[in-house]
J.: 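Supplied in structure tokens, the structure appears directly below.
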2 protein chains.
Amino acid sequence: MESKLALSQLSALAQENRLAVFRLLVKAGRDGLPAGEIATALDVPPNTLSAQLNILSNAGLVEGNRQGRSIIYTANYDAISGLILFLMEDCCQGRAEVCSPIMAAAQSSCC
Amino acid sequence: MESKLALSQLSALAQENRLAVFRLLVKAGRDGLPAGEIATALDVPPNTLSAQLNILSNAGLVEGNRQGRSIIYTANYDAISGLILFLMEDCCQGRAEVCSPIMAAAQSSCC
DNA sequence: TCCATATTTCCACGATAATGGAAATATGGA
DNA sequence: TCCATATTTCCATTATCGTGGAAATATGGA
């Protein structure tokens with residue numbers, strides 16, 4: 001069941017705070033951000049944030065590595081592209097009407 | 001806040017039954033399926049399914065149209081490609097490592 | 001009009017998730 | 001060793017979600 005993973009990723013992202021955390025980490029890039037800075041940026045108490053990071057981490061969407069006293073979190077790009085592929089497979093199935101707008105947007109605005 | 005919509009779509013799909021409903025409707029294509037057939041296919045009581053269809057429908061992911069005594073549900077391809085684009089925008093941001101595998105897979109296996 | 005079919009709405013119960021206070025753990029420096 | 005900082009774990013409380021029985025609504029046909 002590889003859809004179990006996708007399910008946990010969808011539900012990890014299906015919450016305002018956690019989506020915001022993930023977006024922030026994507027923006028932050030390879031260097032990532034320490035938990036405390038994320039908490040400050042999003043104005044969430046540290047223990048609450050910790051629980052949310054844990055959910056994102058169990059879903060494989062972020063990764064935390066201790067560095068001195070801080071734990072630096074980074075977004076996992078493989079995980080998000082895997083999730084996107086999962087959704088596309090569900091939907092493309094011979095149907096260009098789903099894929100084409102995605103390809104078009106991807107080519108013009110991102111890659 | 002266009003992320004409000006994405007959030008509701010993520011949370012609509014973040015549940016086993018509803019993800020299964022959506023996948024089934026994508027497979028069913030433009031003709032869609034009557035609620036009763038979905039309930040039978042997934043072995044869910046009709047009222048439970050109705051609640052789930054309602055959530056998917058409020059998120060804009062499916063649409064129901066009465067046809068005689070049945071209500072025919074269809075997947076909304078625009079909605080799912082919108083959601084995929086939302087996730088890509090979050091993540092691509094100048095980062096080819098997310099986009100490229102998606103483009104590659106899309107070109108080879110789907111569109 | 002009356003009945004069967006298809007689906008939904010209403011409602012209540014149990015399960016799961018979100019939140020944050022307080023205490024615990026880990027690290028680095030004096 | 002002692003202290004400050006960074007983060008987590010534990011725990012309890014509240015909120016939200018999933019589920020399905022029972023009744024209601026809509027449609028089409030006899």
Side-chain angles (χ1 to χ4, degrees), chain A residues 1 3-25 28 31-75, chain B residues 3-25 28 31-76:
Chain A
M1 275 303 142
S3 80
K4 270 279 174 277
L5 177 66
L7 220 45
S8 78
Q9 295 174 334
L10 286 167
S11 100
L13 293 177
Q15 206 250 2
E16 203 163 11
N17 266 315
R18 288 193 301 259
L19 183 60
V21 169
F22 185 73
R23 300 179 90 167
L24 192 62
L25 288 178
D31 292 344
L33 285 175
E37 262 181 59
I38 304 174
T40 305
L42 303 181
D43 194 31
V44 172
N47 56 347
T48 300
L49 179 78
S50 180
Q52 293 171 334
L53 283 169
N54 211 38
I55 289 169
L56 286 165
S57 171
N58 286 334
L61 287 163
V62 307
E63 196 180 324
N65 289 296
R66 181 173 288 274
Q67 204 158 302
R69 271 180 281 202
S70 300
I71 296 181
I72 307 291
Y73 282 90
T74 51
Chain B
S3 79
K4 269 278 174 278
L5 176 65
L7 220 45
S8 78
Q9 295 175 333
L10 286 168
S11 100
L13 292 177
Q15 204 251 2
E16 203 164 9
N17 267 314
R18 288 193 301 261
L19 183 60
V21 169
F22 185 73
R23 299 179 90 167
L24 192 62
L25 287 178
D31 292 343
L33 285 174
E37 261 180 59
I38 304 174
T40 304
L42 302 182
D43 195 31
V44 173
N47 56 345
T48 300
L49 179 78
S50 181
Q52 293 170 333
L53 283 169
N54 210 39
I55 289 169
L56 286 167
S57 172
N58 285 335
L61 287 164
V62 306
E63 196 181 323
N65 289 295
R66 182 173 284 276
Q67 205 159 300
R69 270 179 282 200
S70 300
I71 297 180
I72 307 289
Y73 282 89
T74 51
N76 182 345

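Chain letters run A, B, ... following the sequence lines, proteins first, then strands; residues in each count from 1.
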J.: If you compare all heavy atoms of B:N17 against all heavy atoms of B:L42, which two are closest, and at what distance to 0.1 Å?
T.: O-CD1, 4.2 Å
J.: Got a list of protein N/O to nucleotides 16-20 of chain D N/O distances below 3.5 Å?
T.:
residue : atom : partner : partner atom : Å
D:dG18  : OP1  : B:R18   : NH1          : 3.2
D:dG18  : OP1  : B:R18   : NH2          : 3.0
D:dG18  : OP2  : B:R18   : NH1          : 3.0
D:dG18  : O3'  : B:Q15   : NE2          : 3.4
D:dT19  : OP2  : B:Q15   : NE2          : 3.3
D:dT19  : OP2  : B:Q52   : NE2          : 2.6
D:dG20  : OP2  : B:T48   : OG1          : 3.3
D:dG20  : N7   : B:T48   : OG1          : 3.4

J.: CG of A:N65 versus C1' of D:dT7: gap in Å, rounded?
T.: 14 Å
J.: Could you check which nucleotide pairs with C:dG14 in any of the strands shown, counting Watson-Crick or G-U wobble with both distances under 3.5 Å?
T.: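 Here C:dG14 is engaged in a pair, and the nucleotide opposite it is D:dC17.
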J.: Looking only at atom types and distance, does a side-chain atom of A:T40 sit under 3.5 Å from a main-chain N or O of A:G36, one as donor and one as acceptor?
T.: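 Yes: the side chain of A:T40 pairs with the backbone of A:G36.
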J.: Show the distances under 3.5 angstrom between N or O atoms of the protein and N or O atoms of nucleotides 25-30 of chain D.
T.:
none

J.: Check the distance between D:dA6's P and A:I38's CD1 and give it to me in whole angstrom.
T.: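 From A:I38 CD1 to D:dA6 P: 14 Å.
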J.: Grab the CG-P distance between A:L53 and D:dA6 for me, whole Å please.
T.: 16 Å
J.: Does any N or O in the side chain of B:S70 come within less than 3.5 Å of the main-chain N or O of B:Q67, such that one atom is a donor and the other an acceptor?
T.: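 Checking the backbone N and O of B:Q67 against the side chain of B:S70, no donor-acceptor pair under 3.5 Å is found.
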J.: Quick one: label B:S50 by what it contacts on the DNA or RNA (base, sugar-phosphate, nothing), any heavy atom closer than 4.0 Å.
T.: base
J.: Would you compute the distance between atom CG of A:L19 and atom CG of A:L61 and round it to the nearest 0.5 angstrom?
T.: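 Reported to 0.5 Å precision, the distance equals 10.5 Å.
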J.: Can you tell me how far P of C:dA17 sits from CG of A:L10, to the nearest Å?
T.: 14 Å
J.: With a 3.5 Å limit on both atom pairs, tell me what C:dA30 is paired to, counting Watson-Crick and G-U wobble, or say none.
T.: D:dT1
J.: In chain order, what residues pass the side-chain contact (heavy atoms from CB on, under 4.5 Å) check against B:T48, with sequence neighbours excluded?
T.: B:V44, B:P45, B:Q52
J.: Considering non-hydrogen atoms only, spot the tightest contact between A:A35 and A:L53 and give its length.
T.: CB-CD1, 4.0 Å
J.: Given atom CG of A:N54 and atom C1' of C:dT19, what is their separation to the nearest angstrom?
T.: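 Result: 15 Å.
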J.: Would you say B:Y73 reaches C:dA6's phosphate, i.e. side-chain N/O to OP1/OP2 under 4.0 Å?
T.: no
J.: Can you tell me how far the CD atom of A:E37 sits from the CG atom of A:L49, to the nearest 0.5 Å?
T.: 12.0 Å
J.: Given atom CG of A:L56 and atom P of C:dA17, what is their separation to the nearest angstrom?
T.: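 Roughly 14 Å, once rounded to whole Å.
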J.: When rounded to the nearest 0.5 angstrom, what is the spacing between CG in B:L33 and CD1 in B:I72?
T.: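 One finds 7.5 Å between CG of B:L33 and CD1 of B:I72.
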J.: May I have the distance from A:L13 (atom CG) to C:dA18 (atom P), rounded to whole angstrom?
T.: 12 Å
J.: Are any non-hydrogen side-chain atoms of A:L13 and A:Q9 less than 4.5 angstrom apart?
T.: no
J.: Counting only Watson-Crick or G-U wobble pairs whose two distances fall under 3.5 Å, which nucleotide matches D:dA24?
T.: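 Across any shown strand, D:dA24 pairs with C:dT7.
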J.: From CG of B:L49 over to P of C:dT9, roughly how many Å is that when rounded to an integer?
T.: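 Going from B:L49 (CG) to C:dT9 (P), I get 13 Å.
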